[in-house]
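All remarks here apply to the structure that follows.
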Number of protein chains: 2
Amino acid sequence: MFYQNKKNMTTRYFLNNNLSSDNESRQIKQSAKIIRFLAKSDVPVSLPVIANHIKVSVPTITKLINDLMEQDMVVEDGKKETDNGRKPSVYSLTKSHFYTVGVEVLLRRIQVNITDLNLNSVFISKNTTFELENSEACREEVLAFIDHAISESDIAKKDIIGVGLGMTGRVNGVTGRSYNFFGFDDLPFADFLSKELDLPVFIENDTRVIGVAELVIGKVKNINNNIIVNISRGVGMTIIVNRKMVTGGNGFAGEFGHMQFVGNEGRLCICGKKGCLDTEVSGKALELLFNESIAAGEQSLMLPAGKENIRYDDIISAANDGDYLPMALLQQQGEKLGAALGNIINLLNPEMIVIAGKYSRAGSFFRDSIRSGLYKTGLKDPLANCQIISSELVQNTGAIGAAAIVLRKYDLI
Amino acid sequence: MFYQNKKNMTTRYFLNNNLSSDNESRQIKQSAKIIRFLAKSDVPVSLPVIANHIKVSVPTITKLINDLMEQDMVVEDGKKETDNGRKPSVYSLTKSHFYTVGVEVLLRRIQVNITDLNLNSVFISKNTTFELENSEACREEVLAFIDHAISESDIAKKDIIGVGLGMTGRVNGVTGRSYNFFGFDDLPFADFLSKELDLPVFIENDTRVIGVAELVIGKVKNINNNIIVNISRGVGMTIIVNRKMVTGGNGFAGEFGHMQFVGNEGRLCICGKKGCLDTEVSGKALELLFNESIAAGEQSLMLPAGKENIRYDDIISAANDGDYLPMALLQQQGEKLGAALGNIINLLNPEMIVIAGKYSRAGSFFRDSIRSGLYKTGLKDPLANCQIISSELVQNTGAIGAAAIVLRKYDLI
DNA sequence: AATAGTTAATAAAAATTTTTATTAAATAGT
DNA sequence: ACTATTTAATAAAAATTTTTATTAACTATT
């Protein structure tokens, strides 16, 4: 017996590796291995199967599992149907003790999803009137929102593995620092939240959080090397190499929007340079292009001249409905995007490229235009081995991806 | 006692993980951990230190080390000087039982270096009259050259951990296949060599092999995210993310030479596209540019008009000696290179970029011109966190890097 | 229905590993 | 020179884990 109140253990206790090497910690390490294995398995598993994976004998596993059951961490799930031989009892984690909090903080929106180990949301809270600004008051607002969501969900803190947070701007996931927000008193935002919430907190860039969502529940689930292009009003990129997110030395990686691809003849970008992709291929740019075309006398069926406040999502919808001008403009953007992606394919040889963000809603004509652009820059071999697809994830992607970051940190996914 | 002839064990025996889970393999796994730890430590270490790292008690480590000493794998290195307490005996690997073979196969050159665990060459063999071609005869020639080098070195095969080979062209390090050479009968070249030499063989692209050399013995030794640009007659790139080489899904990654950066107005490249970096920034391009300038009437101090067969290395030397035209041309190339690298810095946020290959010999004026080019495309933050340096590795880089690939595969470095 | 074949789970015995205690070897201070 | 202190190495005892043997549960076949 290695601790007193067996029914009061926190999930985190097992997953924390910084323990001394006495006997207690040995058993905890073995238990952690079992928990990780059970978490990754989508079906309940038998003692011999666990023993085989953990490389420990069946009697030992029996003892460990019994201990974990006493602690309410593991439950028996009855017998399993087999073709022959005695049917084994199978075991799985007690779902109600393994929750993760995923938070998405965007400029005008904050959302919390509390998810189980399979990333199903068991509680959702969002605020679409939120306004992000770099003030201590806003930092408190974010903290309060998360804290309130946790209380409202009625999930005990001891059953929460950790909090993942994806936010706008540049973020260094290793140091837990946001470069644009909430870095007061030189205290990393992740550390601030962790202290206040009394939970482990991991933060990441919003685009990378969406990339992780694609990696764990999206179409690139089993693909090791891929790229997720997040195009909505702006454009961002998550690079996945060997199933891991590329963050670079300081968390700045993926600044695809400022890739220069047309020489220096393009529009001036907010970054101060000319010819950035963001000025040509983005929702912002689409609105601009559309308005310019209309002003130049071109016609659009569904968005007649004179209509005010045309938003890029409307243009994409119109294109999907077959309206000529919006479709032509999107194809134009697709070709440019393709040419830029061709360079990246040559560099990184990804197996798949996912178009995520609002642009994922654009019809196949858009992907076709990207493909056509690829040939301008991409080499034959890497191109032949790379698929371009649109994301199918719709709702909650950011918050679920943020939760996934926690599960990945603890190697539970 | 877990095997008979203790003095006849091969080093490979320990490092191979595919063993059943009986007691013998348990001890071998523990021994492998000790070997890996000793290999990585550059000084002999004591029993308590090993015990602490391997997370096993001192008596157990004592037994394992004694067994390894009986097998001649480990030697005692006397007592260590300490400040207080009893002085411990310290242990290290028997150097003479841990060799690696590194092979570099280029178009007109083949070289074998046999190295110890510290990547010091103990035997070198090279052939500069070699001509690489995709024929079975040439494949046999490569095999014979390696085989002959091993025999000549008088190192027993059982003391060789494995063979690493870096070669020109596209290579998939995972499948062991070269796309350009020696893929006869659908047998991966690595498998062919492995079968014939009766040794584990790992192959890689020549540029990536140089990149690994930089990572293990070069200036980026302790840098996790970096880029090694290999510029000689052509231009290649090794991308290192989280201390690991990026190969992409099919080993095509790093095709930097065909990155398009000047729109489609450049020269026609051998890849069929226009505007590739290779047509502007490479030894080839430098020769072309120089000849064009001379033909257009420009003057060069050290390479007067009329001289035949001017090679790019000579132009670099002349530039280093202060000759104006060569220096101006190199600066022109550096600026373009910098602009291309700026995009990559935005994408990957490397901490360091190493200029390797023949161009690493170019003076600081060249690096300065690269830096000046960076500002055209690179964003402020990632740029501020990225250094540009020249490689200091000179000789044997390819073969040593190839040997390093083996050590990395076995986690000995 | 009995039996052979298969896999699971438990019990008992054997082996291994760790913990604790003891001895050894060294330094520094009185 | 002796003693206290520190770390290393070994020995003996205690705990843990694995191996082997046995029993249990189930299917398919004769």
Side-chain angles (χ1 to χ4, degrees), chain A residues 1-3 6 19-34 37-38 41 43-70 74-92, chain B residues 1-3 6 19-34 37-38 41 43-70 74-92:
Chain A
M1 235 168 305
F2 63 106
Y3 27 74
K6 293 208 170 188
L19 296 158
S20 62
S21 66
D22 61 356
N23 202 264
E24 171 175 326
S25 84
R26 267 178 70 226
Q27 186 164 350
I28 293 174
K29 274 177 197 164
Q30 285 175 316
S31 301
K33 278 189 191 171
I34 295 176
F37 177 60
L38 292 180
S41 168
V43 289
V45 284
S46 69
L47 295 177
V49 168
I50 302 172
N52 203 40
H53 270 261
I54 313 295
K55 302 286 181 211
V56 167
S57 69
V58 172
T60 306
I61 286 291
T62 308
K63 199 196 61 188
L64 290 166
I65 284 283
N66 285 336
D67 245 20
L68 284 169
M69 289 207 295
E70 254 194 85
V74 166
V75 284
E76 206 197 294
D77 273 336
K79 303 276 180 189
K80 192 190 160 194
E81 283 305 310
T82 49
D83 283 351
N84 53 3
R86 177 174 168 178
K87 293 179 183 9
S89 292
V90 285
Y91 303 85
S92 65
Chain B
M1 232 169 304
F2 64 106
Y3 29 73
K6 294 209 169 187
L19 295 157
S20 61
S21 65
D22 61 355
N23 201 265
E24 172 174 324
S25 85
R26 266 179 70 225
Q27 187 164 350
I28 293 174
K29 275 177 197 165
Q30 284 174 318
S31 299
K33 278 190 191 170
I34 295 177
F37 177 60
L38 292 180
S41 167
V43 290
V45 284
S46 68
L47 295 178
V49 169
I50 302 173
N52 204 40
H53 270 262
I54 314 293
K55 302 284 180 210
V56 167
S57 70
V58 172
T60 306
I61 285 292
T62 309
K63 199 196 61 189
L64 289 167
I65 283 283
N66 284 337
D67 246 19
L68 283 169
M69 289 208 294
E70 253 194 84
V74 166
V75 286
E76 208 198 292
D77 275 335
K79 304 275 181 190
K80 192 189 160 194
E81 284 306 311
T82 49
D83 282 353
N84 53 2
R86 178 174 169 179
K87 294 181 184 7
S89 293
V90 286
Y91 304 84
S92 64

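Excluded from the calculations below are hydrogen atoms, water molecules and symmetry mates; all remaining heavy atoms, backbone and side chain alike, are included. Below, chains carry the letters A, B, ... as their sequence lines are ordered, and counting in each starts from 1. Here the structure is a predicted model, which is why all the values come from computation and not from measurement.
Atom P of nucleotide C:dT17 and atom CD of A:Gln27 are separated by 18 Å, given to the nearest angstrom. Between the NZ atom of A:Lys80 and the P atom of C:dT7 there is a distance of 12 Å, given to the nearest Å.
Residues passing the side chain to side chain donor-acceptor pair (under 3.5 Å) test with A:Ser41, sequence neighbours excluded: none. With sequence neighbours excluded, the residues satisfying side chain to side chain donor-acceptor pair (under 3.5 Å) with B:Lys79 are B:Ser89. Judged as a side chain to side chain donor-acceptor pair (under 3.5 Å), and not counting sequence neighbours, A:Ser46 has no contacts. For A:Asp77, the side chain to side chain donor-acceptor pair (under 3.5 Å) partners are A:Ser92, not counting sequence neighbours. In this structure B:Val56 satisfies the side-chain contact (heavy atoms from CB on, under 4.5 Å) test together with B:Gln30, B:Ile54, B:Thr60, B:Ile61, sequence neighbours excluded.
Comparing B:Val90 and A:Ser57, the nucleotide of DNA chain D nearest to each residue sits closer to the 5' end for B:Val90. Each of B:Pro59 and A:Ile61 was assigned the nucleotide of DNA chain D with the nearest heavy atom; the assignment lying further toward the 5' end belongs to B:Pro59.
B:Val58 comes within 4.0 angstrom of a nucleotide base, judged by non-hydrogen atoms across all strands.
Contact annotation: A:Ser89 reaches the phosphate of C:dA9 (side-chain N/O to OP1 or OP2, under 4.0 Å). The side chain of B:Gln30 places an N or O atom within less than 4.0 Å of a non-bridging phosphate oxygen (OP1 or OP2) of C:dT17.
In this structure, the separation between NE2 on B:His53 and CG on B:Leu38 is 10.5 Å, given to the nearest 0.5 Å.
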Atom pairs, protein N/O to nucleotides 26-30 of chain D N/O, distance under 3.5 Å:
unit_1	atom_1	unit_2	atom_2	d
D:dC26	O3'	A:Lys87	NZ	3.0
D:dT27	OP1	A:Lys87	NZ	3.4
D:dT27	O3'	A:Asp83	O	3.4

